[in-house]
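First the structure, in the form of structure tokens, and then the observations on it.
Below, each value reflects all heavy atoms present in this structure, side chains not excepted, and no hydrogens, waters or symmetry copies.
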Amino acid sequence: MGAAGRPYSVRQSPSVLAGIALVIAAVACFAVLDTTTKFVSAGVPILMALWFRYFFQAAATTAVVLPLRGLSVLRTAHPKFQCLRGLLLLLSSLFAFLSLKYMPVAEFTAIGAIVPLVITLLAATALGEKVSALRWSLVVGGFVGTLVIIRPGGENFDWTMLLPLCLVVTNTGFQVLTSKLARTEDPITMHLYTGWVGTLLASAALPFVWTSLPSWSLWGWLVLMGAAATVGHFMLILAYMRTPAATLTPYLYAQIAFAMLGGWVAFAHVPDRWSMAGVLLIAVCGAVGAWLTARESRALSQFNVRPAES
């Protein structure tokens, strides 16, 4: 990370390039996770797959972190908020699994990408923050893109296409709570609690949904799903430890491109022209919004720069 009081710059800090590379690798892992989830959902009960995804992440993270950090890594000043954060992410994952059972990967990923725009809307309406006309237009554009993909009233519309909107609601709450906890909590601690809270909650339903799988290859796909989630989240943590969030956010939208590639390779799916238009509109509005945030962050950093001592 850059020195105190110095604006972040790719030229000034190689860690910024490392952070960007890590976040792109992370969203590639998330695209693999979503593509694998859609494949697995055809042969594995959703709650069983959800439990495996969280158990794999929790067990793998614990096996790596605990020997290095000891039990002190579990200390938190906000256990209730850690549990609430884990619950919100579990619900987000549940809606994601349900959505991917019925929707193509690219369209699902694009709708999920409007979360930052929803946070902007929340900041303006619930928190009373001042939002520029340009940001309002980006929010509107993102929602228009969502409507173009879903096309309510169209011949291909089905109520299951609204499931990603439930994901947007729960993920927005998760992101807002994460931003507040990240000010005081260790990100590794947050990652551990998220994995184990999701595992314990999903375990409650496991006896009712567990079944023998028709093919051993499905276990391999479940392992790939868990590994993609674990590695992706770990890379995201490493990225945010090296580079400001405002700098990294625009690169998160690369996940849409990876998702389109995954949908094409695994399912030979290419979005139709209307869905493609909606996907591109969401990606552009989200990326421009992230760029505005990065620009504002750099301007604030420059404003706070202290002159060098002679």
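- Judged purely by distance below 3.5 Å, without hydrogens or angles, the side chains of Trp196 and Thr62 pair a donor atom with an acceptor atom.
- Between the side chain of Ser179 and the main chain of Val176, a donor-acceptor pair closer than 3.5 Å is present.
- Atom CZ of Phe143 is surrounded by more than 12 heavy atoms from other residues, nucleotides or ligands within 6.0 Å.
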Side chains of residues 101-118: which donor-acceptor pairs under 3.5 Å do they make with residues two or more places apart or in other chains?
| from | atom 1 | to | atom 2 | distance (Å) |
| --- | --- | --- | --- | --- |
| Lys101 | NZ | Ser41 | O | 3.1 |
| Glu107 | OE1 | His269 | NE2 | 3.4 |
| Glu107 | OE2 | His269 | NE2 | 3.1 |
| Thr109 | OG1 | Val105 | O | 2.8 |

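- For Arg242 (side chain) and Ala239 (main-chain N/O), no donor-acceptor pair under 3.5 Å exists by modelled atom type.
- Side-chain atoms of Thr170 come within 3.5 Å of backbone atoms of Leu167 as a donor-acceptor pair (strictly under, hydrogens ignored).
- Side-chain contact between Val231 and Met235: present, with at least one pair of heavy atoms (C-beta onward) separated by less than 4.5 Å.
- We find the OG1-CG distance between Thr199 and Leu90 to be 9.0 Å, quoted to the nearest 0.5 Å.
- Using bins of under 30°, 30° to 60° and over 60° for the plane-to-plane angle, the ring pair Phe52/Phe56 lands in the tilted bin.
- Using modelled atom types and a 3.5 Å distance limit, the side chains of Arg53 and Thr37 yield no donor-acceptor pair.
- Using a 4.5 Å heavy-atom cutoff, the side chains of Leu281 and Cys285 are in contact.
- A tilted orientation is assigned to the rings of Phe39 and Trp221, their planes being inclined by 30° to 60°.
- The CG atom of Leu138 lies 4.5 Å from the CG atom of Leu134; values are rounded to the nearest 0.5 Å.
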Trace of the salt bridge (Lys or Arg N to Asp or Glu O under 4.0 Å) decision for Asp186 with Arg75
CA-CA 9 Å; Asp186 185 334; Arg75 294 174 185 167; over 6 Å; no
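- Hydrophobic clustering keeps Val139 apart from Val169 (ILVMFWY residues linked when any side-chain heavy atoms are closer than 4.5 Å, directly or through intermediates).
- At a threshold of 4.5 Å between non-hydrogen side-chain atoms, the residues Phe30 and Leu236 count as touching.
- Between the CG atom of Leu213 and the CG atom of Leu222 there is a distance of 6.5 Å, given to the nearest 0.5 Å.
- Annotation: ring-ring contact (aromatic ring centres under 6.0 Å, His included) contacts involving residues 248-268, sequence neighbours excluded, are absent.
- No donor-acceptor pair under 3.5 Å is formed between the side chain of Gln255 and the backbone N or O of Ala28.
- Atom OG1 in Thr211 sits 7.0 Å away from atom CE in Met48 (nearest 0.5 Å).
- In the model, Thr189 has no side-chain atom that pairs as donor or acceptor with a side-chain atom of Thr76 under 3.5 Å.
- With values rounded to the nearest 0.5 angstrom, Leu218 atom CG is found 12.0 Å from Leu224 atom CG.
- Taking a 6.0 Å sphere around CH2 of Trp136, one finds it holds more than 12 heavy atoms contributed by other residues, nucleotides or ligands.
- In this structure the side chain of Leu292 reaches within 4.5 angstrom of the side chain of Arg135, judged on heavy atoms.
- Looking only at side-chain heavy atoms (C-beta outward), Ser93 and Tyr54 come within less than 4.5 Å of each other.
- The line from CD1 of Ile150 to CG of Leu163 is 10.0 Å long, rounded to the nearest 0.5 Å.
- Counting non-hydrogen atoms of neighbouring residues, nucleotides and ligands closer than 6.0 angstrom, the CZ atom of Phe55 reaches no more than 12 such neighbours.
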